[in-house]
Amino acid sequence: MTNSHAEVLLSVRNLVKNFELRANTGIRKTQRIVQAVADVSFDVKVGQTLGLVGESGSGKTTVGRSVLQLIQPTSGEVIFEGEDLTKMSFEELRHVRRQMQIVFQDPFASLDPKMTVGSSIAEPLVVQGVGGNHQDKVAELLDLVGLSTDHAKRFPHEFSGGQRQRVGIARALALDPKLIVLDEPVSALDVSIQAGVVNLFGDLQKRLGMSYVFIAHDLSVVRHIADQVAVMYLGKIVEIGDKDAVYRNPSHPYTKALLSAVPLPDPKIERSRHRIMLEGDVPSPVNPPTGCRFRTRCWKATELCAVEEPQLVVRSTGQQSACHFPE
Amino acid sequence: MSDSILQIRDLRVTFSTQMGELRAVRGVDVDVAPGEILGVVGESGSGKSVSFLAAMGLLPQSATITGSVKLDGIELIGAKKKAIRSVRGRSLAMVFQDPLSALNPVHRVGDQIVEMIQSHQDMNTHDAEKRAVELLEIVGIPQPNDRARQYPHEFSGGMRQRVVIAMAIANNPKVLIADEPTTALDVTVQAQILEVIQRVQQTFGTAVVLITHDLGVIARVADSVNVMYAGRNVESGPVQSIFDHPSHPYTRGLLSSLPHEGADRLQPIAGFPPNMLAPPSGCGFAPRCEFAIDACNAELPTLQPFDDLQTSCIRAVDLRIGGRS
């Protein structure tokens with residue numbers, strides 16, 4: 001399935017995003033910085049899917065939004081089809097945005113309750129000043145996502161969660177984008193419904209050839225849909241590579257622990273397998289650990305890990321990981 | 001089974017809404033054996049949470065509840081408020097999805113556990129405080145002496161859920177009901193909390209009802225499983241049998257809709273759950289079931305023994321399969 005010679009559509013280089021926290025504590029005004037994304041680089045190839053996984057606070061959503069310039073990155077480059085989006089004017093960006101869309105997690109919050117589903121789907125066409133018959137286009141899009149043409153006249157409240165998410169997808173497809181950022185697009189759906197939406201993403205990619213950045217905390221869904229996987233922890237990519245390499249031979253201790261923590265729907269496997277139990281929670285990104293950010297929860301950590309930050313290194317199984325003591 | 005510690009019979013819960021009567025639970029039987037972990041699995045709206053909120057007496061006035069809920073032989077439905085209050089928090093305790101809503105933000109966590117102990121037991125404050133620290137240690141909170149003097153906001157999500165579990169087990173309940181206790185947590189923290197729940201069950205012999213939508217969580221910790229759909233139990237039995245040879249098309253559909261290695265396409269269940277304002281008169285799953293026949297819509301099926309399972313599918317024998325489809 002993976003074509004390693006495919007052209008690169010999106011290159012993210014040394015992406016950094018800092019958020020300022022202002023705390024007004026009496027007399028003293030303090031200013032602290034959260035580094036939500038700390039020097040992240042990756043490529044997304046034409047027609048392929050990069051899965052971005054990590055726990056809360058890992059920075060995966062911030063990466064997704066920085067790619068689309070919905071959040072202005074602090075530094076770094078986002079190169080889409082050879083052009084750096086971070087250096088573009090608002091007008092230039094507006095033009096490129098036709099090629100890039102996003103689908104959000106919550107299908108209830110992402111649709112205007114007072115607009116018919118048809119006008120919601122046609123809205124990107126209006127905003128971008130696309131001519132032609134919008135009604136026909138809406139009908140075509142509804143058909144594409146497995147809804148019926150007469151759904152266009154209805155309002156969001158008449159739809160179930162899974163159907164609303166399909167409407168969100170239809171809207172994202174309206175301008176024939178080359179890249180769609182999918183930010184936890186199936187997390188709010190029940191599993192029996194989720195399966196249909198995951199299939200839809202696969203079918204659409206086969207038919208239309210767009211690329212996805214698929215952000216999720218559910219590792220089994222990402223394994224199903226992604227070609228490449230990047231595992232994030234506290235704003236850093238700790239491991240990135242071919243899906244099979246990462247899942248079969250995780251190199252970073254965090255990836256290994258994360259995979260072993262996922263409950264599998266099989267009592268025999270669940271009761272016999274060795275589980276790595278990480279201690280504690282993810283530390284605060286306001287004051288991340290020195291050196292390797294994972295070292296405070298890592299069973300392999302030594303003094304070296306506190307002093308020297310490990311860099312991403314290519315491993316024998318093909319993926320890159322940032323660890324002084326890889327598996 | 002008369003040896004059940006918690007026995008629910010023909011439980012029905014109806015909510016009066018502006019649009020009519022919403023029949024959230026439509027005749028549910030549950031048996032929880034002492035010391036077992038019963039997993040209750042179902043999707044949104046299946047009635048899994050409402051059933052046990054009703055058992056706890058925690059539903060609003062707009063809910064009409066009928067049936068029987070017996071805890072260690074004592075009937076709770078229709079019992080006096082005072083009687084229920086003495087059971088709730090003592091013999092029957094509950095842990096919810098969101099630990100913050102279960103904790104008082106302006107009281108130290110140690111004091112909240114002390115209050116929990118003293119409202120049910122005659123214990124002096126000094127002993128209760130000692131016990132609170134012990135409980136925090138049991139649920140795996142480091143430096144429990146110092147942590148007992150802290151406020152909820154000083155704890156992380158996983159640590160808060162541990163505090164809530166410590167409160168729930170403070171009076172050594174016979175049954176602990178955990179409603180999606182790990183859904184709001186990250187997967188590495190979820191693993192820790194599931195371990196705490198298992199430790200409580202093993203150490204104190206507490207029976208646990210674990211309500212979840214996650215079949216992986218069920219596979220990890222449950223001894224037996226109830227599968228709920230449209231306000232009914234559609235299948236129940238030992239965990240291994242439910243996963244190895246499920247009898248009900250809904251259970252099978254749930255299992256095969258999960259991503260698994262090597263699958264090119266996932267298999268969703270067609271359609272969506274019924275409107276509980278006007279639920280189907282027959283099997284609730286029939287409108288989505290590929291095996292449904294006329295008889296399925298004729299009347300509401302009840303659980304029948306089938307091998308080592310209980311199933312509500314009237315076609316279970318016809319559809320018998322050796323392993324997972």
Side-chain angles (χ1 to χ4, degrees), chain A residues 1 53-58 146 159-163 186 188-200 202-203 217-225 233 244 247-248 254 257-271 273 275-284 297, chain B residues 41-46 140 142 155-159 182 184-192 194-195 212-223 225 229 238-244 250 253-273 288 324:
Chain A
M1 204 156 79
V53 300
E55 298 180 283
S56 31
S58 64
F159 291 84
S160 68
Q163 288 175 315
V186 296
L189 307 176
D190 277 321
V191 284
S192 69
I193 304 295
Q194 176 180 308
V197 177
V198 170
N199 282 343
L200 177 64
D203 296 344
H217 66 276
D218 185 332
L219 287 123
S220 51
V221 170
V222 171
R223 181 171 202 172
H224 182 82
I225 203 164
Y233 187 81
D244 287 332
Y247 278 82
R248 289 198 187 132
Y254 176 64
L258 198 60
L259 286 170
S260 95
V262 178
L264 301 172
D266 186 327
K268 276 196 207 92
I269 296 177
E270 272 301 315
R271 276 150 224 239
R273 73 180 174 143
R275 200 167 293 126
I276 302 163
M277 204 56 91
L278 288 184
E279 286 181 16
D281 292 270
V282 182
S284 160
R297 297 174 80 196
Chain B
V41 69
E43 297 181 285
S44 351
S46 61
F155 289 73
S156 67
M159 286 293 157
T182 59
L185 305 173
D186 279 320
V187 63
T188 57
V189 180
Q190 163 172 283
Q192 300 165 1
L194 291 176
E195 204 191 47
T212 177
H213 66 281
D214 189 333
L215 285 155
V217 169
I218 296 275
R220 184 172 295 178
V221 301
D223 299 309
V225 184
Y229 188 82
V239 65
Q240 194 64 58
S241 308
I242 293 278
F243 283 83
D244 277 355
Y250 174 63
L254 265 188
L255 285 167
S256 51
S257 64
L258 294 172
H260 44 272
E261 214 187 325
D264 193 27
R265 281 178 74 77
L266 304 181
Q267 294 176 283
I269 303 177
F272 31 86
R288 295 173 80 183
R324 194 168 147 179

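Sequence lines set the chain letters: A, B, ... in the order given, protein chains first and strands last, and positions in each chain run from 1.
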Partners passing ring pair (Phe, Tyr, Trp, His ring centres under 6.0 Å) against B:Phe155 (at least two apart in sequence or in another chain):
none

Below 4.5 Å from any heavy atom of chain A, which atoms of B:Ile218 appear? Answer side chain, backbone, both or neither.
backbone

I'd like to check the salt bridge (charged side-chain N to carboxylate O under 4.0 Å, His left out) partners of B:Arg288; sequence neighbours left out, ordered by chain and number.
none

Do you know which two heavy atoms are closest between B:Pro259 and A:His224, and how far apart they sit?
CB-CB, 4.1 Å

Residue pair B:Ser257 / A:Ala195: nearest heavy atoms and the distance that separates them
O-CB, 3.5 Å

Output the option from A:Ser56, A:Ala261, A:Pro267, A:Gly57 having the highest count of non-hydrogen pairs under 4.5 Å with chain B.
A:Pro267

For the residue pair B:Phe272 and A:Ile193, what are the closest heavy atoms and their distance?
CB-CD1, 4.5 Å

When you compare the side chain of A:Asn199 with that of B:Pro268, does any pair of heavy atoms fall below 4.5 Å?
yes

By a 4.5 Å heavy-atom criterion (distance strictly below it), what part of A:Gln163 contacts chain B: side chain, backbone, both, or neither?
side chain

Nearest 0.5 angstrom please: A:Ile269 CD1 to B:Arg220 CZ, how far?
12.0 Å

Evaluate the side-chain contact (heavy atoms from CB on, under 4.5 Å) criterion for residues A:Gln194 and B:Leu266: first the C-alpha distance (whole Å), next the side-chain angles of each, then the deciding distance (0.1 Å), finally the verdict.
CA-CA 9 Å; A:Gln194 176 180 308; B:Leu266 304 181; over 6 Å; no

Give, as side chain, backbone, both or neither, the part of A:Ser284 having an atom under 4.5 angstrom from any heavy atom of chain B.
neither

Please classify the contact of A:Asp218 with chain B as side chain, backbone, both or neither, using a heavy-atom distance under 4.5 Å.
neither

Measuring only between side-chain heavy atoms, which start at C-beta, is A:His217 closer than 4.5 Å to B:Val187?
no

Looking only at heavy atoms, which two atoms of A:Glu55 and B:Val189 are closest? And how far apart?
OE2-N, 4.4 Å

I need the B:Leu215 CG to A:Leu264 CG distance, nearest 0.5 Å.
11.5 Å

Hey, does A:Pro263 have a side-chain heavy atom less than 4.5 Å from the side chain of B:Gln190?
yes

Among B:Pro273, B:Gly271, B:Ala222, B:Gly140, which residue forms the greatest number of heavy-atom pairs with chain A at distances under 4.5 Å?
B:Ala222

Looking at B:Glu43 and A:Val191, what are the two nearest heavy atoms and their distance?
OE2-N, 3.5 Å

Nearest 0.5 Å, please: how far is CE in A:Met277 from CD in B:Gln192?
7.0 Å

Report which part of A:Ser220 has an atom under 4.5 Å of a heavy atom belonging to chain B: side chain, backbone, both, or neither.
both

Value rounded to 0.5 Å, distance of OG in A:Ser192 from CG in B:Leu258
10.0 Å

Side-chain heavy-atom pair A:Arg271, B:Val239 within 4.5 angstrom cut-off:
yes

Quick one: does A:Arg223's side chain have a donor or acceptor within less than 3.5 Å of a partner on B:His260's backbone?
no

With chain B as the partner, which of A:Ile276, A:Val221, A:Val198, A:Asp203 has the greatest number of non-hydrogen pairs under 4.5 Å?
A:Asp203

